[in-house]
Amino acid sequence: MSQENEVRKGLAGVVADYTAVSKVVPETNSLTYRGYPVQELAKNCTFEDVAYLLWEGELPTPEQIEQRNIEGKALRELDPDLIKLIDVLPTTCHPMDVLRTVVSYLGTKDPEFFTTSEEHIQRIGLHLLAQLPTAVAYDIRRRKGLPFIEPCDKRSFVENFLYMVFGDEPDSPANNPEDIKAFEQSLILYAEHSFNASTFTSRVVTSTRSDAYSAITAAIGALKGPLHGGANEFVMHTMLEIDDPAKAADWVNNALDNKDLIMGFGHRVYKKGDSRVPTMEAAFKELASRKNGQKWVEMYDIMAKTMDERTGIKPNLDFPSGPAYYLLGFDVEFFTPLFVLARVTGWTAHIIEQYKNNSLIRPLSAYNGVPQRSIEELVSK
Ligand code: COA
């Protein structure tokens, strides 16, 4: 076989390693975390339970989760130097750049330069899981000139985050059990997805025996791109641009005629539909029914139908989560940082797994540049 025939662009179809964290079966539209279907986890568990499951391999007992939550809540406050650092970052930069900088900064405060043990990586995961929501909430509010709301250790992960973003008014999502449930479900669905681009990035960095902060900083960079996590923002930009459901079919047809990508559709692995979409679509439609969002539901349905009829390409998770986050009241440029708050759990689980059974990730390339030549021959001419 020639070198050229061996090239698998984008590593499509390449099985790069084993993982016991999650399993995607595109043929049956199935996704399991540590053996549990993600739909069942979204229906029955808290986000904290799912983080525990991903890291420990088993769901927690009530005593275990109580202890874990006490530890996590104690880590929510940001150090004043980190607040100063966020303050000097331009409010015009993308919020993913702030988050990437925050993780990088937190890495500089860790006296263990290189991550050495599962216990240490777990501590980093717990620390980031506690700190990143506070940093995101701080950034959301500073951009609007609103005062910072300190984290509250009486509230769960989701309740506390919504409280830090939206406050404690009676109409705040932090005080609405259905809003809390919808957001919690989105985080559970976003938490893990095998060797996606950002997770693979974190594994590549870990495979050099670098530290977990470096791996997660790199993963945030990968997630930012619109072909990956950034798509949830672009879905909403598209919907806001279309604005009127009556124009949605023409918009999709026109984009397809121009060979443009339509964000929120398609997937490298799922070709018959994304296993996470039905749960998130139901959450989005429930939010819309309570928040006067029928326009977005109509647009969503028309776009999905038009796309399916013309191309057979199905929506991915970002398609319902984009308008769901909009209805919850989040600013569009913060949708991908919300994804980070969830996926940091999956990244951490993969970093632990990679480190435990490591082999440097270093594929080959097929050279297609100019043939070998010589400077000496050039000089002698
Ligand atoms: N809009 C329009 N056309 C799309 C499309 C989309 N969202 N997704 C795939 N296609 C087209 C491709 O352009 C390609 O067309 P071609 O055969 O004429 O070149 C064809 O469908 C096959 O695509 P495929 O090779 O199976 O896609 P991929 O595995 O390389 O890419 C994605 C997967 C996710 C990168 C791609 O679907 C995409 O860019 N989607 C939009 C971004 C997005 O929502 N990302 C979040 C993913 S969870």
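This structure is a prediction, so every number in the text was calculated from the model and none was measured. In listed order, ligands and their atoms are each counted from 1.
For an aromatic pair to be called close, the ring centres must be under 6.0 Å apart, and Phe166 with Phe330 satisfies this. Centroid-to-centroid, the aromatic rings of His193 and Tyr270 come within less than 6.0 Å. Between Tyr326 and Phe335, the distance separating the two ring centers is not shorter than 6.0 angstrom.
Residues meeting the salt bridge (charged side-chain N to carboxylate O under 4.0 Å, His left out) test with Glu58, sequence neighbours left out: none. Glu353 is linked by a salt bridge (charged side-chain N to carboxylate O under 4.0 Å, His left out) to Arg203, counting only residues two or more places apart in sequence or in another chain.
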N or O contacts of ligand 1 with protein under 3.5 Å, please list pair by pair.
| residue | atom | partner | partner atom | Å |
| --- | --- | --- | --- | --- |
| ligand 1 | 1 (N) | Ile262 | N | 2.8 |
| ligand 1 | 7 (N) | Ile262 | O | 2.7 |
| ligand 1 | 7 (N) | Phe265 | O | 2.8 |
| ligand 1 | 26 (O) | Lys271 | NZ | 2.7 |
| ligand 1 | 29 (O) | Arg268 | NE | 2.8 |
| ligand 1 | 29 (O) | Lys271 | NZ | 3.3 |
| ligand 1 | 30 (O) | Arg268 | NH2 | 3.4 |
| ligand 1 | 37 (O) | Phe265 | O | 3.4 |
| ligand 1 | 40 (N) | Phe265 | O | 2.8 |
| ligand 1 | 44 (O) | Gly264 | N | 2.8 |
| ligand 1 | 44 (O) | Asn316 | ND2 | 2.9 |
| ligand 1 | 45 (N) | Leu227 | O | 2.9 |

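Sorted by first then second residue, the side chain to side chain donor-acceptor pair (under 3.5 Å) pairs that include residues 148-157, not counting sequence neighbours, are Arg155-Asp168.
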